[in-house]
Amino acid sequence: LDISGDGVAFPSASGSTLLRLRSSAGTATLSIDAAAGSFSAIQFGDTGAASVGSILYNHADDSMKFNTGGTGTKLLINSAGEVGISVSPASGHLLHIKNAGTAEAKVKIESESGYDARLILDTSNGGGAGAHIDFQIDGSAKGGIQYVTNGSASDQHDIIFRSNNYSEKLRLDSDGR
């Protein structure tokens with residue numbers, strides 16, 4: 001089915017295209033409306049299984065889910081814009097990643113030859129904000145690395161290493177000592 005902006009149906013486009021929406025005047029929109037508190041969805045399947053993947057919008061909580069492999073949600077974006085990969089994002093976490101329980105949880109940042117691969121923690125200078133890498137076991141803080149950015153603190157620009165009970169074990173001051 002080929003539908004143009006003026007609502008006229010033309011013969012189907014060649015090849016495997018079964019539906020095409022087109023507007024020569026501007027934006028072409030596909031709307032999927034459902035009852036309040038329900039889902040709007042696009043399902044993907046093949047001849048072996050009718051639904052092996054899907055995109056679902058949950059009108060009850062204004063979240064969007066991406067499902068693959070026929071085994072449930074792989075990516076979720078909640079109404080606050082927080083993203084969960086293989087998990088519902090914890091409140092206040094912009095990105096929450098959890099492994100499937102069968103492998104190590106890894107995040108890889110890769111660059112091409114001659115270019116740096118970086119993890120950048122950027123925070124404002126003041127108000128007590130700092131840049132932290134925290135290490136936890138089952139949600140309990142066990143250690144971390146902190147860069148002090150508070151402009152009014154005497155330890156501004158220090159790097160602090162913390163261990164098991166999150167107590168300070170090593171400090172590099174702004175002079176590198």
Side-chain angles (χ1 to χ4, degrees), residues 13 15-17 20-23 26-30 42-46 52-57 62-177:
S16 62
T17 302
R20 178 171 51 181
L21 305 177
R22 121 181 103 181
S23 171
T27 303
T29 301
L30 171 65
I42 299 173
Q43 290 189 330
F44 303 93
D46 54 35
V52 293
S54 61
I55 302 171
L56 294 104
Y57 187 86
D62 292 321
S63 66
M64 184 169 285
K65 297 178 182 183
F66 295 81
N67 303 330
T68 61
T71 60
T73 303
K74 299 298 190 292
L75 182 125
L76 181 136
I77 305 170
N78 67 19
S79 62
E82 298 162 337
V83 176
I85 299 175
S86 296
V87 66
S88 291
S91 179
H93 293 77
L94 294 177
L95 177 62
H96 185 167
I97 302 169
K98 184 175 182 179
N99 72 344
T102 59
E104 295 175 2
K106 299 177 183 178
V107 175
K108 183 176 182 177
I109 300 171
E110 183 175 350
S111 68
E112 291 298 321
S113 179
Y115 295 94
D116 294 340
R118 296 175 180 223
L119 173 63
I120 298 172
L121 306 177
D122 190 354
T123 185
S124 65
N125 185 23
H132 300 259
I133 298 174
D134 294 326
F135 305 103
Q136 297 182 342
I137 297 176
D138 295 327
S140 296
K142 297 299 179 183
I145 303 169
Q146 173 187 2
Y147 178 76
V148 180
T149 59
N150 186 349
S152 62
S154 61
D155 57 358
Q156 182 182 10
H157 304 300
D158 288 4
I159 298 175
I160 303 169
F161 293 83
R162 301 180 185 279
S163 67
N164 194 26
N165 60 1
Y166 217 67
S167 62
E168 181 177 325
K169 297 299 180 188
L170 175 67
R171 177 185 295 254
L172 295 175
D173 68 19
S174 59
D175 293 327
R177 294 179 270 163

Check whether any side-chain heavy atom of [X] lies under 4.5 Å from a side-chain heavy atom of [Y], and answer yes or no.
X      : Y      : result
Ser111 : Asp116 : no
Leu95  : Ile85  : yes
Gln136 : Lys142 : no
Phe135 : Ile133 : yes
Gln146 : Arg162 : yes
Met64  : Ile55  : yes
Tyr147 : His157 : yes

Quick check: closest heavy atoms across [X] and [Y], and the distance to 0.1 Å?
X      : Y      : value
Gly143 : Tyr166 : O-CE1, 3.1 Å
Asp158 : Asp173 : OD1-CA, 3.1 Å
Pro89  : Asn78  : CG-ND2, 3.6 Å

Sequence neighbours excluded, which residues qualify as salt bridge (charged side-chain N to carboxylate O under 4.0 Å, His left out) partners of [X]?
X      : answer
Asp175 : Arg177
Glu110 : Lys108
Asp46  : none

Working to the nearest 0.5 Å, report the span between [atom1] of [X] and [atom2] of [Y].
X     : Y     : atom1 : atom2 : answer
Leu75 : Ile97 : CG    : CD1   : 10.0 Å
Ser54 : Lys74 : OG    : NZ    : 9.5 Å
Asn67 : Ile42 : CG    : CD1   : 12.5 Å

* Asked: Any chance CD1 of Ile109 has more than 12 other-residue heavy atoms, nucleotides or ligands included, within less than 6.0 Å?
  ->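 Count over threshold, so yes.
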
Test your reading of the model: is there a side-chain donor-acceptor pair from Lys98 to the backbone of Val87, 3.5 Å cut-off?
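Side chain of Lys98 to backbone of Val87: no pair is present.
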
